[in-house]
Amino acid sequence: DLKGIGIMDNCIGREALKENLIKVYNDSSSIIRTREHFNPYDNVTYNVTERESLLMGISNGVKLESVWRNNELKTVIIKK
């Protein structure tokens, strides 16, 4: 929940989150872990990358950990 740092669930808040995730995806120094994941259902091995960023709101900030499979965002974990 990003309301605690002043980022609301509206077009402005979603744009702020989107910009943060694009920036972190393009920043190789944000990588905290990489691994390969074999998916037996489609018989494909994917590169999974975990990235870390700081998202600042009006009143505070939170650490985000994002998990990417190749260039596809899979999940975002908000750390307080």
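What you see below is based on every heavy atom in this structure, not just the backbone, and it leaves out hydrogens, waters and symmetry mates. Bear in mind that the values here come from a model prediction, so they are computed numbers and not experimental data.
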Please report the interatomic distance CG(Asn47) to CZ(Arg35), rounded to the nearest 0.5 Å.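 These two atoms lie 10.5 Å from each other.
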Please list all pairs meeting side-chain hydrogen bond (donor to acceptor under 3.5 Å, both in side chains) that have one or both residues in residues 56-65, counting only residues at least two apart or in different chains.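 Non-adjacent pairs meeting side-chain hydrogen bond (donor to acceptor under 3.5 Å, both in side chains): Glu52-Lys63.
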Not counting sequence neighbours, which residues clear side-chain contact (heavy atoms from CB on, under 4.5 Å) with Lys3? List them please.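 Lys3: side-chain contact (heavy atoms from CB on, under 4.5 Å) contacts with Asp1, Met8.
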Transitive ILVMFWY cluster of [X] at side-chain heavy atoms under 4.5 Å: who else is in it?
X	value
Val67	Val48
Ile58	none
Phe38	none
Val24	Leu2, Ile5, Ile7, Leu17, Leu21, Tyr25, Leu55, Val62, Leu64, Trp68, Leu73, Val76, Ile78

If you look only at pairs with a residue in residues 53-62, which of them pass as a salt bridge (charged side-chain N to carboxylate O under 4.0 Å, His left out), with sequence neighbours excluded?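 Residue pairs with at least one partner in residues 53-62: there are none.
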Is there a donor-acceptor contact under 3.5 Å from the side chain of Asn26 to the main chain of Ile22?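 Checking the backbone N and O of Ile22 against the side chain of Asn26, a donor-acceptor pair under 3.5 Å is found.
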Decide yes or no for Arg33 and Thr49: does some side-chain heavy atom of the first lie under 4.5 Å from some side-chain heavy atom of the second?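 Contact flag for Arg33/Thr49 side chains = no.
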Return the set of residues passing side chain to side chain donor-acceptor pair (under 3.5 Å) with [X] (not counting sequence neighbours), or none when no residue passes.
X	answer
Ser30	Arg51
Asp27	Ser29
Asp9	Arg14

Listed partners of Tyr46 passing ring pair (Phe, Tyr, Trp, His ring centres under 6.0 Å), at least two apart: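 Tyr46: no ring pair (Phe, Tyr, Trp, His ring centres under 6.0 Å) contacts found.
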Salt bridge (charged side-chain N to carboxylate O under 4.0 Å, His left out) partners for Glu72, two or more places apart: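 Only Arg69, Lys74 meet the salt bridge (charged side-chain N to carboxylate O under 4.0 Å, His left out) criterion with Glu72.
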